[in-house]
Number of protein chains: 2
Amino acid sequence: MIKISIIGGGGNVGYHLAAILLKSKNIELIEVYNRTLDKIQYLKNVTSVTTNLNQLKEADIYIICVADDAISEVSEKLNFNNKLIVHTSGSVAMKELKCKANKGVFYLLQSFSKDKKIDFFNIPICIEATSKPDLKLLENLAKTISKNCYSINSEQRKKLHVAAVFVNNFVNHLYFIGNQICEENNIPFEILHPIIKETASKIETLTPFDAQTGPAKRNDKKTLKKHEAMLTKNQKEIYKLLTQSIYNTYGKKL
Amino acid sequence: MIKISIIGGGGNVGYHLAAILLKSKNIELIEVYNRTLDKIQYLKNVTSVTTNLNQLKEADIYIICVADDAISEVSEKLNFNNKLIVHTSGSVAMKELKCKANKGVFYLLQSFSKDKKIDFFNIPICIEATSKPDLKLLENLAKTISKNCYSINSEQRKKLHVAAVFVNNFVNHLYFIGNQICEENNIPFEILHPIIKETASKIETLTPFDAQTGPAKRNDKKTLKKHEAMLTKNQKEIYKLLTQSIYNTYGKKL
């Protein structure tokens, strides 16, 4: 039985993590801390809830789920020695943990919203620790909730985080622009749902390099010109830059 | 029974369309034309194949699946009066058909590769015709192969095509950049597959506007700076422009 304490149970990651840990075998969620009680009140019948960092119960792993900026400060207040303290951030190095205890990272690579149910079993969990036994402990924890566990160091995690911004945040913004164009022309956006899904599923069998299609890759100047003429200033800037980047990718290699 | 003739069966669209029409009830694929026989030879046991545009068999609908640039020229050579002639292009207006016969469009909004099996039932089919009975005929045809049929005029179709470039071609290029960052840092790209899938499926229940997350939306300058410092010149240009565009989207509306 691994005893877990969640530090910052009121945020999105803490919320989803508490839910899955309560359902997991071989895991005991012994306590959830949050700065204010209102957001974790709903847990009080199933585990201990607290707003006092100085009187936390003894656990095997303390999982810090607070905002990136608060990780150092919160970790400094955790007065344990032979315990494992991990944070869950993609962009914060392990060494930013300012505790005396053993350090590690337990990064769930998914975009969480409280309103949306999460399929934990497929979420990649990127783990890091200062010692091999701690890495093993994190691996055991990861494997109880997901089938995808990776050992990723702080340097790699930083890069992974920026890569995720491209394939998640920026991709969503392109969906937004697609939606914008549809709305302006009385076209239901749902027409684009199947091609969006197909584009996302294609790269599970082809590399993105091989999956690329379209006028930019073909350098089909006539279509590119037609398209640019239809766009707003901001849309056109993005269109031109991405077209150029695609063209350079293939122009150089073809 | 609707009698169909495919003009340009050697390309990706013609290939997939022939396959699905041969399987469909109430449809008779009576002939497939292509400029050269080699690419349609495989069909000769199940339908008539030809390279002669002047001796085509009589069909109810002639579906032109040739390259955009060749649509006008090919349509001019089709000497029919009371037949319906349609093209399948997203970016070519219906009036570009230069035939005496009735005109229409049958645009399948999906990205086709010969190697990849297509789930036709979910592909949106955008139809247009000069007369109501022809629109009805195209609707009947569309409904035998897909559950998603939309009446979309040439102006809308043009816009839809450029919107598809954003959500398909450009999105795939962002996947390529994500892959590039992973490769440079010895990170398996598959770690990003689940977040890619989740991002694509989120917008079926949320608008892209509501689904947006990340440092650009939060205007989290510290993270934005850290990210920029890790990128190549080209990646950074894209990062900055999309970040600015996201920021403007929410800065104005929040």
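Just so you know, these numbers use all the heavy atoms, side chains as well, and skip hydrogens, waters and symmetry mates. This is a predicted model, so every value here is computed, not measured.
Only the side chain of A:I177 comes within contact range of chain B, with at least one heavy atom under 4.5 Å from a heavy atom of that chain. Contact of B:K159 with chain A is made through backbone and side chain together, with heavy-atom distances under 4.5 Å. Heavy-atom distances place the side chain of A:K222, and not its backbone, under 4.5 Å from chain B. B:P188 touches chain A through its side chain: at least one heavy atom from C-beta onward sits under 4.5 Å away, while N, CA, C and O do not. Both the backbone and the side chain of A:F170 come within contact range of chain B, each with at least one heavy atom under 4.5 Å from a heavy atom of that chain. In this structure, chain B has a heavy atom under 4.5 Å from the side chain of A:V165, while its backbone stays farther away. Proximity to chain A is limited to the side chain of B:F189, based on heavy atoms less than 4.5 angstrom apart. Heavy atoms closer than 4.5 Å to chain A are found nowhere in B:D220, neither backbone nor side chain.
Of the listed residues (A:Q235, A:E204, A:E190, A:K197), the greatest number of heavy-atom pairs within a distance under 4.5 Å of chain B belongs to A:E204. With chain A as partner, the option from B:T205, B:T243, B:I181 having the largest number of non-hydrogen pairs under 4.5 angstrom is B:I181. The most heavy-atom pairs under 4.5 Å with chain B, out of A:G178, A:P208, A:C126, come from A:P208. Ranked by non-hydrogen atom pairs under 4.5 Å with chain A, the options B:I152, B:N122, B:N179 are led by B:N179. In terms of heavy-atom pairs under 4.5 angstrom with chain A, the leader among B:N185, B:L206, B:N234, B:D119 is B:N185. Interface remark: of the candidates B:E184, B:E155, B:K202, B:K202 forms the most heavy-atom pairs closer than 4.5 Å to chain A. For the options A:N186, A:L231, A:T207, A:N148, heavy-atom pairs under 4.5 Å to chain B are most numerous at A:L231.
Under the 30°/60° scheme for interplanar angles, the aromatic rings of B:F209 and B:Y250 are found to lie parallel.
Under 3.5 Å, the side chains of B:H87 and B:S75 contain no donor-acceptor pair of N or O atoms. For the 3.5 Å distance criterion, the side chains of B:D68 and A:T223 fail to qualify, holding no donor opposite an acceptor. Side-chain N/O atoms of A:E128 and A:S154 include a donor and acceptor closer than 3.5 Å. Residues B:Q180 and B:Y175 bring no donor and acceptor atom of their side chains to less than 3.5 Å of each other.
Looking at B:T144, B:L17, B:L21 one by one, the single match for side chain to side chain contact (heavy atoms under 4.5 Å, CB included) with B:F120 turns out to be B:L17. The residue from B:I123, B:V171, B:N168 that alone fulfils the side chain to side chain contact (heavy atoms under 4.5 Å, CB included) condition with A:I195 is B:N168.
Annotation: side chain of A:T213 is not in contact with side chain of B:N172 (no heavy-atom distance under 4.5 Å). Contact annotation: the side chain of B:L141 never approaches that of B:I125 to less than 4.5 Å [non-hydrogen atoms, C-beta and beyond].
If you take CD1 on B:I127 and CG on B:N153, they are separated by 12.5 Å, rounding to the nearest 0.5 Å.
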